[in-house]
Amino acid sequence: MSRNSTALVTGGGRGIGRAICQELAASGVDIVIADIDAESMAETADLVESIGQEAHPIETDLADFDSVRDCVDQAYATCGEIDILVNNAGIAGPTAPCEEVTPEEWDTTLDVNLRGVFYMCREVLPIMKEAGYGRIVNIASVTGKRPLVNRTPYATAKMGVIGFTRTLAAEVGRHDINVNAVCPGSVDGPRIQRVFERQAETSGESVEEIENAVKDESARGELVDGAEVANTVRYLCSPDSRQITGQDINVSAGKVMY
Ligand SMILES: NC(=O)c1ccc[n+]([C@@H]2O[C@H](COP(=O)([O-])OP(=O)(O)OC[C@H]3O[C@@H](n4cnc5c(N)ncnc54)[C@H](O)[C@@H]3O)[C@@H](O)[C@H]2O)c1
């Protein structure tokens, strides 16, 4: 990274978000971590500091506008800049046929996965416009591009994130603010194991059968590592990615090719 940078990473407490915090810190970026879980955030903060960068954990609920606004105010007051925003936090939502999804489950999934992205961008954009520079990366999913049976709220939210990304990129490009989406395939870790378990309960297959079927869907026959997603995010957050905006880039072992 060729400039002093501060990144705000949502959902940085664990999983892909933690890998993104570590990857950005390793390239010389200070990190504001916005997560609902204070305990895991503190662990990520320790990891960032052990790399030699500043870490500022701020307990935030992305589904709550006041909480997001307070987070950004606090981050800006502390760091004096936010030139990178990574909207990574997300929840899987229910695994159920559409007619069994409750209105509350629908709202919660859309609130965290889509509304939260809007809230964060809304609050951070004035800071980036004032600075005349910014890099925004939204973590969508390959499920933002193709159907995933029994996951209507999640797929709808992630398809929304891609539409939001393209539109915002067109709005803010003249301010040297780039907006891209990264679409992971199936990333190894506790979250995907929970999804496999829920799918196994619904389908009657074993967790192992589900996992093997998921791997078989990809060109490389593998799950993706969170660090591999983080690596792509780091590139998109760097000044080197200047001419890449409004894109949705798959990191999916070749599961999806469009
Ligand atoms: N893991 C995968 O296979 C996979 C695949 C495609 C896309 N993704 C996307 O990548 C992103 C990260 O996924 P992950 O697997 O690391 O998930 P994870 O569940 O391991 O971590 C998500 C983080 O978000 C935080 N979070 C949840 N709700 C929040 C809220 N309301 N406010 C603030 N923070 C909140 C959690 O506390 C947690 O730290 C998500 O957007 C997810 O949809 C994941």
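Ligands are counted one by one from 1 in listed order, and the atoms in each one are counted from 1 as well.
- Contacts with ligand 1 closer than 4.0 Å are made by side-chain heavy atoms of Lys158 only, the backbone lying farther away.
- Distance check: Ile82 CD1 to Ser5 OG gives 12.0 Å after rounding to the nearest 0.5 Å.
- Under 4.0 Å is where a charged nitrogen must lie from a carboxylate oxygen, and between Asp176 and Arg135 at least one such pair does.
- For atom 4 (C) of ligand 1, the closest non-hydrogen atom of the protein is Arg191 NH1, 3.6 Å.
- Side-chain contact between Lys129 and Ile177 is present, with at least one heavy-atom pair separated by less than 4.5 Å.
- Val9 has its side chain out of reach of Val32: every pair of non-hydrogen atoms, C-beta onward, lies at least 4.5 Å apart.
- Annotation: atom 21 (O) of ligand 1 to nearest protein heavy atom, Arg14 NE, 3.4 Å.
- Under 4.0 Å is where a charged nitrogen must lie from a carboxylate oxygen, and between Arg234 and Glu23 at least one such pair does.
- Atom 29 (C) of ligand 1 has Ile36 CG2, 3.9 Å as its closest protein atom, hydrogens excluded (heavy atom only).
- Near Ile91, meaning under 4.0 Å from any of its heavy atoms, are these atoms of ligand 1: 27 (C), 28 (N).
- Looking at every heavy atom in both residues, Trp106 comes nearest to Thr156 through CH2-OG1, 3.6 Å.
- Listed by atom number, the atoms of ligand 1 under 4.0 Å from Ile139 heavy atoms are 9 (C), 10 (O), 11 (C), 41 (O).
- For atom 31 (N) of ligand 1, the closest heavy atom belonging to the protein is Asp61 OD1, 3.0 Å.
- Put simply, the side chain of Arg151 reaches to within 4.5 Å of the side chain of Thr95, judged on heavy atoms.
- Residue nearest to atom 3 (O) of ligand 1, selected from Val224, Val229, Val187: Val187 (by heavy-atom distance).
- When heavy-atom distances to ligand 1 are checked against a 4.0 Å cut-off, Cys183 has no atom that comes that close, whether in backbone or side chain.
- Heavy atoms of Thr60 found under 4.0 angstrom from ligand 1 belong exclusively to the backbone.
- Electrostatic pairing of Lys145 and Asp248 counts as a salt bridge here, judged by a charged N lying under 4.0 Å from a carboxylate O.
- The distance criterion of under 3.5 Å between nitrogen or oxygen atoms is met by Leu62 with respect to ligand 1.
- The protein heavy atom nearest to atom 40 (C) of ligand 1 is Asn88 O, 3.1 Å.
- For Ser186, every heavy-atom contact with ligand 1 shorter than 4.0 Å involves the backbone, none the side chain.
- Smallest separation of non-hydrogen atoms from Cys21 and Thr44: CB-CG2, 3.8 Å.
- Without hydrogens or angle criteria, Ser241 side chain to Ile244 main chain gives no donor-acceptor distance under 3.5 Å.
- Proximity annotation for atom 5 (C) of ligand 1: of Gly189, Gly185, Pro190, Gly185 comes nearest, heavy atoms only.
- Atoms of ligand 1 lying under 4.0 Å from any heavy atom of Tyr154, numbered from 1 in the order shown and given with element: 6 (C), 7 (C), 8 (N), 9 (C), 42 (C), 43 (O).
- Shortest contact from atom 16 (O) of ligand 1 to any protein heavy atom: Ile16 N, 2.8 Å.
- Here the protein heavy atom with the shortest distance to atom 22 (C) of ligand 1 is Gly90 O, 3.9 Å.
- For the pair Gly116 and ligand 1, no heavy-atom separation below 4.0 Å is found.
- Of the listed residues (Asp35, Asp37, Thr10), the one carrying the non-hydrogen atom nearest atom 37 (O) of ligand 1 is Asp35.
- Geometrically, Arg115 does not engage Phe118 in a cation-pi contact, judged by NZ or CZ lying under 6.0 Å from the ring centre and within 45° of the ring axis.
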